[in-house]
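These values consider heavy atoms only, across backbone and side chains, with no hydrogens, waters or symmetry-generated copies. Read the numbers this way: they start at 1 and go in the same order the structure lists the ligands and their atoms.
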Amino acid sequence: MSALDAFDLPTSPLAPASPLAPVSPLAPGTRWSTWPSVAKGQRGPQPHPDWIVTAVAALDTELGVLKTGKEADVHLVERAIPAGAVTPPGGARWSLLAAKRYRGAEHRQFTRDDAYSEGRRVRRSRDQRAADDRRSAYGRSVRAGHWAQVEFDALCALWEAGAPVPYPVQIDGTEILLEFVGTQDDDGAWVAAPRLAQVRPDRDLLAVYFEQARDAMGVFARLGWAHGDLSPYNVLAHGERLVVIDVPQVVDLAASPFATQFLHRDCVNLCSWFTARGLDVDADALFADVYAQAW
Ligand SMILES: Nc1ncnc2c1ncn2[C@@H]1O[C@H](COP(=O)(O)OP(=O)(O)O)[C@@H](O)[C@H]1O
Ligand SMILES: [Mg+2]
């Protein structure tokens, strides 16, 4: 018997090999943090925000369902280092994540594969070529129906370009983990930020929100994209800040003859909501403003 046999080492492929990790059986609804097991390219853009929990000793715990949908379910997950676990100093110990779990690659609800094709035939700067490379990878994922990958890649590009989207923490198969956008209610329970459709902002905040929405659409356009499903249901109102979500169907404005129609529909959807709330905005003016930023 070797010396190693005397120790109760974790044998699950998910279990981190670190001797610092707890070795007790995992409670139901709990798994080892998947951060150490996903490859570098499956993690969000650098630098990683300081709230990201990277320790191998961290556990992911299911806290509940945020929403079930046709293509995906969204769950609230806590990623935290258990009390008492010995870890190297530094690094975040606790975080909340939204886990968006797609129902599988075979579940293809989208019909916009043709909306994508390779980029424009003009001289490109190095940054633009990097963006093109991302877009090529994006196109491959679209054609394969890998919607988790498509959404993750789009979120990474959007985040790096400064769009108000949840930070994309990692992708693991059909699951993407995102920064949780929400707050604690009076009873201490965590609740997702309301959708724009659910809030009744006063006039001042309404105007602030509209500027943010227009700026956000501008970031998409400068990447050459329209959101493609922008509506008051895919924008979260996090206090005074809007956060745009649900981006697997972004469309390439340069590549598709239908893309401008998607962009126009996005403008109409948003402006209808703002107009109904009493802000005098015009969808065609928004469209012209945003579209002009794409070139
Ligand atoms: N990062 C997040 N933080 C908080 N809640 C989220 C987040 N992402 C999604 N949600 C919640 O899950 C719902 C569905 O997410 P969404 O990406 O729009 O998926 P679907 O394709 O089902 O519409 C959202 O309306 C919101 O309530
Ligand atoms: Mg949605």
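Here E71 does not pair with R103 in a salt bridge; the nearest charged N to carboxylate O distance is not below 4.0 Å. Contact check on D73 versus K100 returns no salt bridge, with no Lys/Arg side-chain nitrogen under 4.0 Å from an Asp/Glu carboxylate oxygen. Comment: R101 engages E62 in a salt bridge, judged by a side-chain N to carboxylate O separation of less than 4.0 angstrom.
No close placement of the F220 and W225 rings is indicated, their centers lying 6.0 Å or farther apart.
Looking at ligand 1, you won't find any N or O of E71 less than 3.5 Å from one of its N or O atoms. An N or O contact shorter than 3.5 Å is missing between E151 and ligand 1 by distance. Considering backbone and side-chain atoms together, V181 places an N or O closer than 3.5 Å to an N or O of ligand 1.
Proximity to K67 (heavy-atom distance under 4.0 Å) selects the following atoms of ligand 1: 12 (O), 13 (C), 14 (C), 22 (O), 23 (O). Applying the 4.0 Å criterion to heavy atoms of P166 picks out, from ligand 1, the atoms 1 (N). The atoms of ligand 1 that sit less than 4.0 Å from any heavy atom of A98 are 1 (N), 2 (C), 3 (N), 7 (C). Close contacts of ligand 1 with K100, meaning ligand atoms under 4.0 Å from a residue heavy atom, involve 16 (P), 17 (O), 19 (O), 21 (O). The atoms of ligand 1 that sit less than 4.0 Å from any heavy atom of A192 are 4 (C), 5 (N). Shown in contact with F180 at under 4.0 Å from a heavy atom are these atoms of ligand 1, numbered in order with element: 3 (N), 4 (C).
Heavy atoms of other residues, nucleotides or ligands lying less than 6.0 angstrom from CD of Q198 number more than 12.
The closest protein non-hydrogen atom to atom 20 (P) of ligand 1 is D246 OD2, 3.5 Å. Here the protein heavy atom with the shortest distance to atom 1 (N) of ligand 1 is E179 O, 2.9 Å. Here the heavy atom of the protein found nearest to atom 6 (C) of ligand 1 is L236 CD1, 4.1 Å. Atom 24 (C) of ligand 1 has as its closest protein heavy atom I245 CD1, 3.5 Å.
Note: W94 and W190 have tilted aromatic rings, judged against thresholds of 30 and 60 degrees for the angle between ring planes.
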*Decide yes or no on side chain to side chain donor-acceptor pair (under 3.5 Å) for R79 and T34, but give the supporting numbers first.*
CA-CA 9 Å; R79 173 166 288 175; T34 48; 3.0 Å; yes

*Given side chain to side chain donor-acceptor pair (under 3.5 Å), test E151 with Y102 step by step and report yes or no.*
CA-CA 10 Å; E151 178 158 33; Y102 278 84; 2.6 Å; yes

*I would like to know whether D284 and H264 meet side chain to side chain donor-acceptor pair (under 3.5 Å); could you show each step before the answer?*
CA-CA 8 Å; D284 290 334; H264 192 261; 2.7 Å; yes

_Chi angles and distances behind the side chain to side chain donor-acceptor pair (under 3.5 Å) call for T87, R93_ = CA-CA 9 Å; T87 56; R93 300 189 66 87; 3.1 Å; yes

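Of all heavy-atom pairs spanning L270 and P232, the tightest one is CD2-N, 4.5 Å.
When non-hydrogen atoms are compared, ligand 1 lies under 4.0 Å from the side chain of R195 (C-beta onward) but not from its backbone. When heavy-atom distances to ligand 1 are checked against a 4.0 Å cut-off, N234 comes that close only through its side chain, counted from C-beta outward. Here V74 has side-chain heavy atoms under 4.0 Å from ligand 1, and that is the only part of it that gets that close.
Under 2.8 Å from the Mg ion (ligand 2), one finds the following protein N/O/S atoms: N234 OD1, D246 OD2.
Take Q293 and apply the side chain to side chain donor-acceptor pair (under 3.5 Å) test, not counting sequence neighbours, and it matches R222, D289.
In the hydrophobic cluster analysis, where Ile, Leu, Val, Met, Phe, Trp and Tyr join through side-chain heavy atoms closer than 4.5 angstrom, Y167 is grouped together with F152. Y209 and M217 fall within a single hydrophobic cluster, where Ile, Leu, Val, Met, Phe, Trp and Tyr are joined by side-chain heavy atoms under 4.5 Å apart, directly or via other members.
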